[in-house]
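The structure appears below as C-alpha cells.
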Amino acid sequence: MATAACVSSSLSPRAIAAPQASHAFRRGWPGAAPAGARGLLHHRRHQHQQQPAGAVPVTVRVGFAASAGTRRINHAGAGAHLLLAPATPPPPLGSPVTRSRRTAVVTAAAAAAATPAPSSGDRSSEPDDPNDPSCSADEYVKKQQSSAIGLQPRSTWKQEMYAVDPGLNQLLVSEGSTISQLFTQDDWERHRGVSRYWRHLGTTLKSTVFLRVLEPVLIITGAAVALAIWNTWISVAYALPALALNPITHTLSGSVLSLSLVFRTNNANRRVIDARSLLGQMTKSCRDMIRMAQYIPNEGGCREAVMKHLQAFPYALEAHVRKGRTRKSKKDPTAFRVDPIPGLSRALGEETARRLSQCENIPAQVLLDASTVMTRALSIGMSTQIHQQCEIILKELSQVISGCEKILFTPIPISYTRHTSRTIIIWLLTLPLALWDLMGMSMIPAIFMVTYLLLGVDEIGVEIEEPFCILPVRPICDMSEREIVGAMDQVLRAPDFKPKKKD
C-alpha cells in the first residue's frame with residue numbers, strides 16, 4: 001500500500017509500555033528489559049495532536065528488542081513499519097527524561113490512512129479520489145449514523161479510541177465513557193457521579209442512539225403534524241370528518257409492546273454479558289497456562305513454543321470474531337477487517353503467521369499446534385499429570401472459541417425482531433389518532449418524545465446484540481500479551497520439572 005506519511009519523533013513516557021510495570025501504558029517508561037527476555041516488548045500508542053491538513057492520526061507500535069535495543073514502529077493498518085537506528089535503551093521507571101526526547105507520533109495522509117482493509121463481499125469499482133470529501137471517515141460515519149439528518153460531530157476522543165481498538169464499529173460508539181474501553185477508577189468515579197444526569201442530557205445530540213433513531217422519529221412526528229393540519233384546517237375547510245381513535249386501543253396494546261421491548265433488550269444485554277465473560281475466561285486461562293508452562297520441558301524449545309502460541313491466541317480469537325464488515329463503497333473506512341498477521345507475527349514469526357491466516361478457524365489451529373508441541377514434550381519426559389492439566393486449560397480456551405461463535409453466528413430469532421419492529425411502528429404511527437382529542441396541538445411534541453424513548457430502547461437492543469464490535473477486544477488482547485511477554489523470561493529460566501520415579 002502506498003502511503004504518504006509525516007513523521008515527527010520524540011518518545012513520550014506515556015507512549016511506551018512494558019509488561020514489567022503494572023499499567024505501564026499509563027505510567028511511563030518501563031524498566032530495562034531482562035537480558036534473557038524473548039520476543040519484543042511492545043505497546044500501542046496513539047497520541048492526538050494538531051496535524052497537517054488532510055492528515056489523520058494512526059496507531060503505532062513501539063517496541064524494544066532486548067538483545068539489540070532496536071526500536072521498531074509498526075503501522076497497525078498498513079502492515080508497514082519503520083526501523084529506527086539502534087538507540088540507547090529506555091531509562092528506568094521514574095528517571096528524568098525530557099519531553100522533547102519522549103514524544104513519538106506517526107501520522108499518515110488521509111488518502112492512505114482512510115483506505116480500508118480488504119473484506120469479503122462486493123465492493124464499488126469507483127476509483128479512490130484523495131480530494132473527494134467522501135473519503136473521510138467522518139463523512140461516512142455522518143452519512144450512516146442518521147440518514148435523515150446526518151448529524152455526527154467530529155470527535156477527537158473517538159478517533160483516539162479507534163486508534164487503540166480499530167476493530168470497533170464506528171457507527172455504534174458514543175461520546176464519553178463507553179463499554180468499548182477498559183474502565184479505570186477515574187472512569188468509574190465519573191460514571192457514577194450525580195452530575196451524570198445533566199451531562200448525559202447535554203450530550204443528547206451526540207448520542208449514537210439519538211442519531212440512529214432520528215430519522216424514524218422525525219417521520220412519525222411528521223405524520224402527527226399532518227394529522228394536526230388535517231383536523232385543524234382541512235377537515236374544517238372542506239367539511240370532512242376529523243381523524244381520531246379511541247385511546248383504549250393503545251392502552252390495551254401498550255403492555256404487549258412493553259413486554260416485547262423488555263424481552264428483546266434483556267436478551268441482547270445477556271449476550272453482552274456472556275461475550276465479556278468469555279473474554280475474561282480467555283484472560284484467566286492464559287494466566288493459568290503461564291504458570292503451568294514452568295513444568296513443560298525446556299528441551300527442544302517446547303516451553304518457549306507453548307508460550308509463543310499462547311501469546312498468539314488472543315489475536316487469533318480477535319480476528320475470528322471480527323472477520324470484517326462489508327460496505328458498498330471500498331472507500332468507506334468503516335469496512336474494517338482485523339488482520340491477524342501482525343499479532344501472530346510477533347509471537348510466531350511471519351511465515352507461521354501467514355500459514356495460520358489461511359486457516360478457516362485460526363484460534364482453533366493455534367490451539368492444535370500448541371497441543372502438538374505438548375505431545376512432543378510428553379515424549380521427552382513431561383509429567384502426564386502436568387500434560388493433562390495443560391490440556392484442560394487448552395480445552396477451556398477451545399470452549400471460549402465455541403462460546404464466541406454461538407453469539408457471533410446466531411442472533412436473537414429474526415422473526416421476533418421483525419415483529420417487535422412492526423408492532424412499535426404501527427403503535428407509534430396510530431398514537432397521534434389516540435391523543436388528538438385529549439391533547440390537541442400539544443400532541444406533536446408528546447409524539448416526538450414518546451417515539452424517541454421507545455425507539456431508543458429498541459435501538460439499544462439492536463446495537464448490543466452483536467457485542468464483539470463494541471467490546472474492548474483489542475485492549476484485552478494487548479493486556480494478555482503484555483502479561484505473557486512479561487512472564488516469558490521467568491518461565492524460560494525455571495528449571496525443568498522432573499517427576500520422581502516410584503520405587
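Just so you know, residue 1 is the first one in the sequence shown, and it goes up from there.
Applying the ring-ring contact (aromatic ring centres under 6.0 Å, His included) test to residues at least two apart or on different chains, the pairs with a partner in residues 390-416 are F263-Y416. Applying the ring-ring contact (aromatic ring centres under 6.0 Å, His included) test to every pair with at least one member in residues 278-308, sequence neighbours left out, gives these pairs: Y295-F497. Legend: ring-ring contact (aromatic ring centres under 6.0 Å, His included) pairs involving residues 341-390, not counting sequence neighbours: none detected.
Side-chain atoms of N267 do not come within 3.5 Å of backbone N or O of I412 as any donor-acceptor pair. A donor-acceptor pair is defined here as one N or O able to donate and one able to accept, closer than 3.5 Å; no such pair exists between the side chain of S180 and the backbone of P472. Checked by atom type and distance alone, the side chain of H200 pairs as donor or acceptor with a backbone atom of R196 at under 3.5 Å. The backbone N or O of R376 lies less than 3.5 Å from a partner atom in the side chain of S379, making a donor-acceptor pair.
Interatomic distance, E396 CD to L367 CG, rounded to the nearest 0.5 Å: 11.5 Å. In this structure, NE2 on H309 lies 9.0 Å from CG on L368, to the nearest 0.5 angstrom. Taking CZ from R418 and CD1 from I414, the interatomic distance works out to 6.0 Å, rounded to the nearest 0.5 Å. If you take CD on Q311 and CD on E304, they are separated by 10.0 Å, rounding to the nearest 0.5 Å. Residue E465 holds its CD atom at 14.0 Å from CD1 of I460, rounded to the nearest 0.5 Å. To the nearest 0.5 Å, the span separating OG1 on T283 from CE on M479 amounts to 4.5 Å.
Between E350 and R354, at least one side-chain N (NZ, or NE/NH1/NH2) sits under 4.0 Å from a carboxylate O, which counts as a salt bridge. The residues D369 and K308 are annotated as not salt-bridged, no charged nitrogen and carboxylate oxygen being separated by less than 4.0 angstrom. A salt bridge links D288 with K284: the distance from a Lys NZ or Arg NE/NH1/NH2 to an Asp or Glu carboxylate oxygen falls below 4.0 Å. Using a cut-off of 4.0 Å between Lys/Arg side-chain N and Asp/Glu carboxylate O, D489 and R493 are scored as salt-bridged. Using a cutoff of 4.0 Å between basic side-chain nitrogens and carboxylate oxygens, R303 and D496 are scored as salt-bridged. Comment: E189 engages R192 in a salt bridge, judged by a side-chain N to carboxylate O separation of less than 4.0 angstrom.
Shown here is R270, whose CZ atom has no more than 12 heavy atoms of other residues, nucleotides or ligands within 6.0 Å. Around the CD atom of E405, the shell of radius 6.0 Å holds more than 12 heavy atoms that belong to other residues, nucleotides or ligands. Residue Q399 places its CD atom among more than 12 non-hydrogen atoms of other residues, nucleotides or ligands, all under 6.0 Å distant.
Taking all atoms of both residues into account, the shortest heavy-atom contact from A364 to I401 is N-CD1, 3.6 Å. The two residues I179 and L471 come nearest to each other via the heavy atoms CD1-CD2, 3.8 Å. Nearest approach of I476 to L182, heavy atoms of both residues: CG1-CD2, 4.0 Å. Minimum interatomic distance between A494 and Q294 (heavy atoms only, all atoms of both residues): CB-OE1, 4.0 Å. Nearest heavy atoms, C286 versus L310: O-CD2, 3.5 Å. Closest approach of I380 and P297 over heavy atoms only: CG2-CB, 4.4 Å.
Under the 4.5 Å side-chain criterion, counting only non-hydrogen atoms from C-beta, C302 is not in contact with V306. Taking 4.5 Å as the limit, every side-chain heavy atom of M307 sits out of range of all side-chain heavy atoms of V373. L344 has its side chain within reach of I362: a pair of non-hydrogen atoms, C-beta onward, lies under 4.5 Å apart. Residues L278 and I407 have side chains in contact (heavy-atom distance under 4.5 Å, counting atoms from C-beta outward). A heavy-atom distance below 4.5 Å is not found between the side chains of P314 and E481.
The cationic atom of R271 (NZ for Lys, CZ for Arg) does not lie both less than 6.0 Å from the six-membered ring centre of F468 and within 45° of the ring axis.
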Q: Evaluate the criterion side-chain contact (heavy atoms from CB on, under 4.5 Å) for residue pair V457 and V209; output intermediate values, then yes/no.
A: CA-CA 9 Å; V457 173; V209 173; over 6 Å; no
Q) Checking side chain to side chain donor-acceptor pair (under 3.5 Å) for the pair D187/T184: CA distance, chi angles, key distance, verdict? A) CA-CA 5 Å; D187 294 326; T184 63; 3.1 Å; yes
Q: Begin from the C-alpha positions of C404 and H320 and carry the test side-chain contact (heavy atoms from CB on, under 4.5 Å) through to its verdict.
A: CA-CA 9 Å; C404 291; H320 190 58; 5.9 Å; no
Q.
Pair S285, Q281 - check side chain to side chain donor-acceptor pair (under 3.5 Å), show working.
A. CA-CA 6 Å; S285 298; Q281 177 64 36; 3.1 Å; yes
Q: Test side-chain contact (heavy atoms from CB on, under 4.5 Å) on C390 and M289 and set out the steps.
A: CA-CA 7 Å; C390 290; M289 182 59 82; 4.0 Å; yes
Q: Would you please test M374 and L394 for side-chain contact (heavy atoms from CB on, under 4.5 Å) and show each step?
A: CA-CA 11 Å; M374 286 196 295; L394 294 185; 3.0 Å; yes
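Side chains of Y315 and D478: a donor-acceptor N/O pair is present below 3.5 angstrom, by distance only.
The only option from D458, T417, T420 that meets the side-chain hydrogen bond (donor to acceptor under 3.5 Å, both in side chains) definition with R264 turns out to be T417.
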